[in-house]
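These notes concern the structure reproduced below.
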Protein chains: 2
Amino acid sequence: MLSFTEENYLKALVELTVFDADSDEVGVNRLATCLEVKPATVSDMVRKLRNKSLVNYEKYGKVSLTSEGRLKGMMVIRRHRLWETFLSSKLGFSWDEVHELAEELEHIHSEKLINRLDEFLDFPEFDPHGDAIPNQKGEILLPFRRTLSEIEVGKRHRISAVRDQTEVLQYMDRIELKINQEVTIEHREAFDGLTTITYGNRTSVVSPKLTENIFVVCAECGKAKCSCK
Amino acid sequence: MLSFTEENYLKALVELTVFDADSDEVGVNRLATCLEVKPATVSDMVRKLRNKSLVNYEKYGKVSLTSEGRLKGMMVIRRHRLWETFLSSKLGFSWDEVHELAEELEHIHSEKLINRLDEFLDFPEFDPHGDAIPNQKGEILLPFRRTLSEIEVGKRHRISAVRDQTEVLQYMDRIELKINQEVTIEHREAFDGLTTITYGNRTSVVSPKLTENIFVVCAECGKAKCSCK
DNA sequence: TATAAAAGTTAGATTAGTCTAACAATTATT
DNA sequence: AATAATTGTTAGACTAATCTAACTTTTATA
């Protein structure tokens, strides 16, 4: 049985090497930043995870998940996203509240519990932030994703998902920017990336820090990779 | 914020000094047995809890809860029993499966979460084993309770609650003895306490280890303390 | 009441996960 | 290619929760 901590390392590794598609391996420093611990701690821990055959790693090298590690990590994410869905759809929590709670609930191990919960929620495909929920086998829909910071000026897009971080969600709430909402980039400042967007009947100027955390699809065809217009 | 472990100590103390009404204080050895750790460990831990004003204790003395400790412990029990109710009534778990899972879920701290869950379950008064659920203020219905091992031969009783231990519940399942079922003691052996009981259309011989864990009320008046017949 | 038994404490060790500080290897830059 | 910057490792220390073994206090009993 994996500890809380080990599960958090595997979860972070899935996020860094599976979801962020640039590379399927990651350095110790990057992982440390992501987990908010020091590199020294990560060095020790990945050695331990390697001894359990959960990651591939050797001294001074990059870290990547073994298939077992990937499965274990994926199951943590499955639990996280299912609990978020429960909190939101059954207990009426808002989307910016569920993340913190799910951080704790995701470590309840029982597979039977999580499968029953899945059934109780009617096998949801997406969590309240628009992210796909891995199935019982750890498989997940990994759509090609484009963020609001990448798309061209002028073309209508729709917000499909938002990175699951309390601050992002709260900020979006404050400026009344919602999931599934249509949004257009009016202007993007080359100098600092400040971006003017219109949506509903509002216009806001937002920073790259925000736009990098919002995923969009073409408003016409619904795809992230499209050739419309 | 209390650790898992500290919460378990407080929970055990509530069980030993509030629910088991004999005494409102308990020795280190007893507590150690109950928590399945060594007395030395408990010695250290109660000193720590005393420094946090959660228990009253001095060297070589008995341990008892302060009002703050009692409240904290009661909240753990509230969470435990509400999660048990959720697992049983919403996810369809059987009464002998819920205890283990609730042992983990009870340590999720958010008060908001537990109050929402309470509401979602429609403010249940009892958990699946028939035990009262403490309210938001940590108050609980503490009925006078009599066990199957204490009642007289011949008189009809009804099972009102069962001590929340997986083995007890599984054993009861095996002999088809259920909560709310009427039961009569046919004979109790003075030598070893072996007891012959009839219920439904069955007769079983059971040990004191079982009868001490089953709570009953008079089948006529529904009270544990009655003067019927 | 003296002594034996039971109950409780202390000291020192262990494990997991973390840290800091000093060092080593790798990568980038001039 | 030499050196600087970045990245990663090691050693040693700390905390929480546990253990064992030796010791002390309290309680029960002969």
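Every chain is numbered from 1 and lettered A, B, ... according to where its sequence line falls, protein lines coming before strand lines. The structure displayed is predicted, hence computed values, not measured ones.
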If you compare every side-chain N and O of B:Y9 against the phosphate oxygens of D:dT18 (OP1, OP2), does one of them come in below 4.0 Å? yes

Please confirm whether B:R163 makes a cation-pi placement over B:F215, using NZ or CZ under 6.0 Å from the six-membered ring centre and within 45° of the ring normal. no

Ignoring hydrogens and geometry beyond distance, is a side-chain donor-acceptor pair present between B:H107 and A:E104 at under 3.5 Å? no

Distance check needed: D:dG8 C1' versus A:L31 CG, whole Å only. 13 Å

Could you check which residues of residues 35-43 of chain A get a heavy atom under 4.0 Å from DNA chain C? Sort them by number, please. A:V37, A:K38, A:A40, A:T41

For atom CZ of A:F4 and atom P of C:dT15, their distance in whole Å: 23 Å

Starting at CG of A:N8 and ending at P of C:dA16, how long is that distance when rounded to a whole Å? 17 Å

Check for me whether the distance between the ring centres of B:F86 and A:F86 falls short of 6.0 Å. yes

Ring center gap for A:H99 and A:H80 short of 6.0 angstrom: yes

Over all heavy atoms of both residues, which pair between A:A12 and A:L31 is shortest? Give the atoms and the distance, please. CB-CD1, 4.0 Å

Between A:K90 and A:F120, is NZ or CZ placed under 6.0 angstrom from the six-membered ring centre and within 45° of the ring axis? yes

Rounded distance in Å - NZ (B:K62) to P (C:dT9): 11 Å

Identify the two heavy atoms, one from A:L91 and one from B:R116, that lie closest to each other, and give their separation to 0.1 Å. O-NH1, 2.8 Å

Would you kindly give the OH-to-P distance between A:Y57 and D:dT7, to the nearest whole Å? 15 Å

Figure out the OH/C1' separation between B:Y60 and C:dA6, and round it to whole Å. 13 Å

Using only side-chain N and O atoms of A:K59, determine if any of them is under 4.0 Å from OP1 or OP2 of D:dT10. yes

Could you tell me the separation between the CZ atom of B:R30 and the P atom of C:dA6, rounded to a whole number of Å? 17 Å

Rounded distance (Å) that lies between atom P of D:dT18 and atom CD of B:E6: 10 Å

From the candidates C:dT10, C:dT18, D:dT18, the one with an atom nearest any side-chain atom of B:T5 is D:dT18

Which is more 5' along DNA chain C, the nucleotide nearest B:V46 or the one nearest A:D44? Just name the residue. B:V46

